[in-house]
Amino acid sequence: VQLQAFGGGLVQAGGSLRLSCSASARIYSSHIMGWFRRAPGKEREFVAAIRWSTASTTYGDSVKGRFTISKDSAMNTVYLQMNSLKPEDTATYYCAKANSLSTREGDYNVWGQGTQVTVSS
């Protein structure tokens, strides 16, 4: 399966963006879809993940209450709704697939190409 993320852009602080990640093949119920981000000069950081079978979710501490991960099973697409954006949310955002629920990037075995999000102050 290949993943393609899109929807990034430039937004002012306090604004919103919705990222999408489409899979080229079916995402199975056993799979986990996640979002990570990498800011310039920093390591890749876990943002959110969703269990495909139950839609249960988990979030990184820095985005809790502001970001929401969701899915469209019929479209094999996962979304990341980002509200109340802050300049520190500026990063390249990546979607990824894992076989078990995890916040560790090493547990994700398929990655999309990334989409840039820039939040201006």
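Numbers here simply count residues along the sequence, with the first being 1.
- Interatomic distance, T118 OG1 to D89 CG, rounded to the nearest 0.5 Å: 11.0 Å.
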>> side-chain hydrogen bond (donor to acceptor under 3.5 Å, both in side chains), that's the test. Do S73 and K71 meet it? Break it down for me.
In response: CA-CA 6 Å; S73 297; K71 67 181 181 76; 2.6 Å; yes

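- Using a 4.5 Å heavy-atom cutoff, the side chains of N99 and K97 are in contact.
- H31 NE2 to R26 CZ: the interatomic distance, rounded to the nearest 0.5 Å, is 9.5 Å.
- Shown here for S102 and F46, the closest heavy-atom pair between the two residues is O-CE1, 3.8 Å.
- At a threshold of 4.5 Å between non-hydrogen side-chain atoms, the residues T57 and R51 do not count as touching.
- Residue V1 belongs to a hydrophobic cluster whose other members are L3, V11, L17, L19, I27, M33, W35, V47, I50, W52, Y59, V63, F67, I69, V78, L80, M82, L85, Y93, V110, V117, V119, with links defined by side-chain heavy atoms closer than 4.5 Å.
- Using cut-offs of 30° and 60° for the angle between ring planes, the W111 and F36 rings count as tilted.
- Side-chain contact between S62 and E45 is present, with heavy atoms from C-beta onward closer than 4.5 Å.
- Side-chain contact between L101 and T58: present, with at least one pair of heavy atoms (C-beta onward) separated by less than 4.5 Å.
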> Should R66 and K86 be marked as a side chain to side chain contact (heavy atoms under 4.5 Å, CB included) after you check the CA-CA gap, both sets of side-chain angles, and the distance that decides it?
Replying inline: CA-CA 10 Å; R66 300 187 298 122; K86 305 174 182 180; 3.8 Å; yes

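- Side-chain atoms of T115 do not come within 3.5 Å of backbone N or O of F6 as any donor-acceptor pair.
- For Q2, the CD atom sits in a loose shell: 12 or fewer heavy atoms of surrounding residues, nucleotides or ligands are nearer than 6.0 Å.
- Taking the side chain as every heavy atom from C-beta outward, S16 and Q81 approach each other to under 4.5 Å.
- Of all the heavy atoms in A5 and C95, the pair that sits closest is CB-SG, 3.9 Å.
- Scanning all heavy atoms of the two residues, the minimum distance from A25 to N76 falls at O-CG, 3.7 Å.
- Between D107 and R104 there is a salt bridge, since a side-chain N of the basic residue sits under 4.0 Å from a carboxylate O of the acidic one.
- Looking at every heavy atom in both residues, S22 comes nearest to T77 through OG-OG1, 3.4 Å.
- Remark: the backbone N or O of T92 is not paired with any side-chain donor or acceptor of R38 at under 3.5 angstrom.
- Annotation for S121 and A13: closest pair CA-CB, 4.4 Å, computed over non-hydrogen atoms.
- Hydrophobic clustering, defined by side-chain heavy atoms of Ile, Leu, Val, Met, Phe, Trp and Tyr closer than 4.5 Å, leaves Y28 isolated from every other such residue.
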>> For Y94 and R37: C-alpha separation, side-chain torsions, deciding distance, then whether side chain to side chain contact (heavy atoms under 4.5 Å, CB included) applies.
In response: CA-CA 6 Å; Y94 300 88; R37 66 186 183 186; 5.9 Å; no

